[in-house]
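Data first, discussion second: the structure below is written as structure tokens.
Treat the numbers as computed from the prediction; the structure is a model and nothing was measured. Counting convention: from 1, in listed order, for ligands and their atoms alike. Starting from 1, each residue takes its place in the sequence as its number.
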Amino acid sequence: MKVRLKHTLLFLLFFPSCFRSGGLPPQSEFVLDTLCTVNLFEGGTRERYAAVFARIREIDRMMSAYQDGSDTDLVNRNAGVSPAGVHPEFIGVLETALKYARLSGGAFDPSIGPLVRLWGIGTDREHVPSPKEIGEALSLVDYRDLVVDRERGTAFLARPGQALDLGAIAKGYAADEALRVIREAGVRRAIIDLGGNIMTAGSRRSGIPGFTKEEPWRIGVQDPLDERGTYLGILQVRGQSVVTSGVYERYFEQDGRRYHHILSTVNGYPAAGGLLSVTITADSSTDADALSTAAFALGWEKGSALVESIPGAGAVFVFDSRSVRCAGTIRPEGAPEDADGEGRIAFTLTNSGYRLE
Ligand code: ADP
Ligand code: MG
């Protein structure tokens with residue numbers, strides 16, 4: 001598959017005062033079809049970095065829709081034939097995916113595979129399919145045909161031609177697992193950035209050795225209309241994940257129109273809800289990843305209601321009208337706190353070309 005580096009959408013704002021207590025600088029690898037960077041702010045030994053990347057590669061081999069022998073590939077080859085034996089953790093990810101499929105009424109659907117293949121966005125096959133092709137692929141997308149049997153350790157898609165694609169949740173799961181590996185090694189302060197899917201551990205220590213204070217990590221939210229690396233605002237998080245789904249991540253243009261990679265399970269075309277991006281914060285990166293895609297596909301009304309229904313989750317919706325709205329635990333900086341101000345995440349809009357509503 002042709003690989004494009006259009007993926008780093010969130011990025012870290014580094015400050016000279018943010019020091020690391022020994023260890024190697026951040027390490028990067030191309031895995032999960034994107035650039036992954038792990039930054040251990042303490043205890044960053046070669047072995048620890050190696051262990052984190054080994055775990056991320058393992059998850060990629062299991063979840064990838066493009067690698068022969070992955071669990072996804074096994075389930076897809078056996079669609080309509082027989083249940084396939086898969087790893088217990090793969091079952092866990094499918095269960096979470098099914099949870100979000102149900103909660104979003106199918107707007108997020110892990111059986112989106114036939115549509116993703118048809119459009120081929122990000123590959124050298126990318127093109128606008130015919131309405132007939134779209135109709136056929138769409139008729140195969142239905143998470144209710146996915147049967148997960150935890151006891152037998154199998155997963156099954158009921159109809160031939162159906163296919164899983166976990167592109168909207170796998171990076172989140174990998175970030176959670178990377179965090180687990182880091183924690184088990186005793187590292188408390190780190191940032192894991194899997195192609196813009198960010199997981200933070202602990203808080204940022206600033207100052208000079210001997211005179212330090214603990215502050216939140218400051219994560220930039222990509223300006224969807226500007227160059228990569230240009231942010232429109234800043235989220236302050238301590239230990240949460242920050243994940244964005246947007247129109248600028250993967251797309252192609254044909255006849256002057258842009259076709260992006262989050263597909264509507266209602267009509268089979270790129271989801272068009274007047275949004276440029278949705279950024280989610282949550283304790284779990286798996287949840288944040290699934291929610292970002294679900295909320296984007298659902299649009300503001302239903303998407304923000306979904307976010308509000310998940311404890312601890314927050315969202316920043318960016319509209320093509322250049323307005324910005326927050327939901328859930330995220331509060332614009334300076335907004336009056338609720339009575340239970342606890343657990344709120346501050347968002348600061350820094351680009352005056354956008355309006356907070
Ligand atoms: P990214 O992978 O760029 O971080 P997302 O998390 O939003 O962005 O995932 C988008 C990917 O999810 C697509 O490339 C495709 O593989 C898959 N996908 C597209 N539309 C849907 C959908 N409606 N439900 C579930 N997965 C989807
Ligand atoms: Mg996602």
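Counting heavy atoms closer than 4.0 Å to ligand 1, residue Ala297 contributes nothing at all. Both the backbone and the side chain of His261 come within 4.0 Å of ligand 1, counting heavy atoms alone.
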Solution key, residues 147-156 side-chain donor-acceptor pairs under 3.5 Å, sequence neighbours excluded:
unit_1 : atom_1 : unit_2 : atom_2 : d
Asp149 : OD1    : Glu151 : N      : 3.1
Asp149 : OD1    : Arg152 : N      : 3.0
Asp149 : OD2    : Arg152 : NH1    : 3.1
Arg150 : NE     : Glu95  : OE1    : 3.3
Arg150 : NE     : Glu95  : OE2    : 3.1
Arg150 : NH2    : Glu95  : OE1    : 2.9

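Atoms of ligand 1 lying under 4.0 Å from any heavy atom of Ser245, numbered from 1 in the order shown and given with element: 5 (P), 6 (O), 7 (O). Numbered from 1 in the order shown, with element, the atoms of ligand 1 that lie under 4.0 Å from a heavy atom of Thr293 read 5 (P), 6 (O), 7 (O), 9 (O). If you number the atoms of ligand 1 from 1 as listed, the ones under 4.0 Å from a heavy atom of Asp165 come out as 15 (C), 16 (O), 17 (C).
When the heavy atoms of Thr244, Leu115, Ile112, Leu32 are ranked by distance to atom 21 (C) of ligand 1, first place goes to Ile112. Considering each of Gly172, Ala101, Ala168, the one bringing a non-hydrogen atom nearest atom 26 (N) of ligand 1 is Ala168.
Checked by distance only, ligand 1 and Ile262 stay at 3.5 Å or farther apart across all their nitrogen or oxygen atoms. At least one N or O atom of Asp109 sits closer than 3.5 Å to an N or O atom of ligand 1. Considering backbone and side-chain atoms together, Asp289 places an N or O closer than 3.5 Å to an N or O of ligand 1. On a distance-only criterion, Phe108 and ligand 1 share no N/O pair closer than 3.5 Å.
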Let's go through Thr281 and Ser241 carefully: what are the C-alpha distance in whole Å and the side-chain angles of both, what is the deciding distance for side-chain contact (heavy atoms from CB on, under 4.5 Å) to 0.1 Å, and is it a yes or a no? CA-CA 5 Å; Thr281 57; Ser241 176; over 6 Å; no
Check the pair Asp176, Thr286 against side chain to side chain donor-acceptor pair (under 3.5 Å), reporting the backbone distance first and the verdict last. CA-CA 7 Å; Asp176 284 334; Thr286 311; 2.6 Å; yes
Could you walk me through whether Glu214 and Ser203 pass side chain to side chain donor-acceptor pair (under 3.5 Å), step by step? CA-CA 6 Å; Glu214 300 287 330; Ser203 50; 2.6 Å; yes
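Residue contact annotation: Lys171 has a non-hydrogen atom under 4.0 Å from ligand 1. Contact analysis puts Ala107 in contact with ligand 1, with a non-hydrogen atom separation below 4.0 angstrom.
In terms of heavy atoms, Leu32 sits closest to Cys36 at CD1-SG, 4.3 Å. Taking both residues in full, the closest heavy atoms of Leu349 and Leu232 are given as CD1-O, 3.4 Å, listed atom of the first, atom of the second, then distance.
Lys171 contributes atom NZ, which lies 8.0 Å from atom CG of Leu194 (distance to the nearest 0.5 angstrom). Atom CD of Glu42 sits about 5.0 Å away from atom CZ of Arg189, to the nearest 0.5 Å.
Listed by first and then second residue, the ring-ring contact (aromatic ring centres under 6.0 Å, His included) pairs involving residues 96-144 are Trp119-Tyr259, Trp119-Tyr269 (not counting sequence neighbours). The list of salt bridge (Lys or Arg N to Asp or Glu O under 4.0 Å) pairs with a residue in residues 65-75, not counting sequence neighbours, reads Asp68-Arg77, Asp73-Arg77.
Of all protein N, O or S atoms, those under 2.8 Å from the Mg ion (ligand 2) number 4.
Here His260 and Phe296 bring their ring centres to under 6.0 angstrom of each other.
For Glu89 and Tyr173, the side-chain atoms include at least one donor-acceptor pair closer than 3.5 Å.
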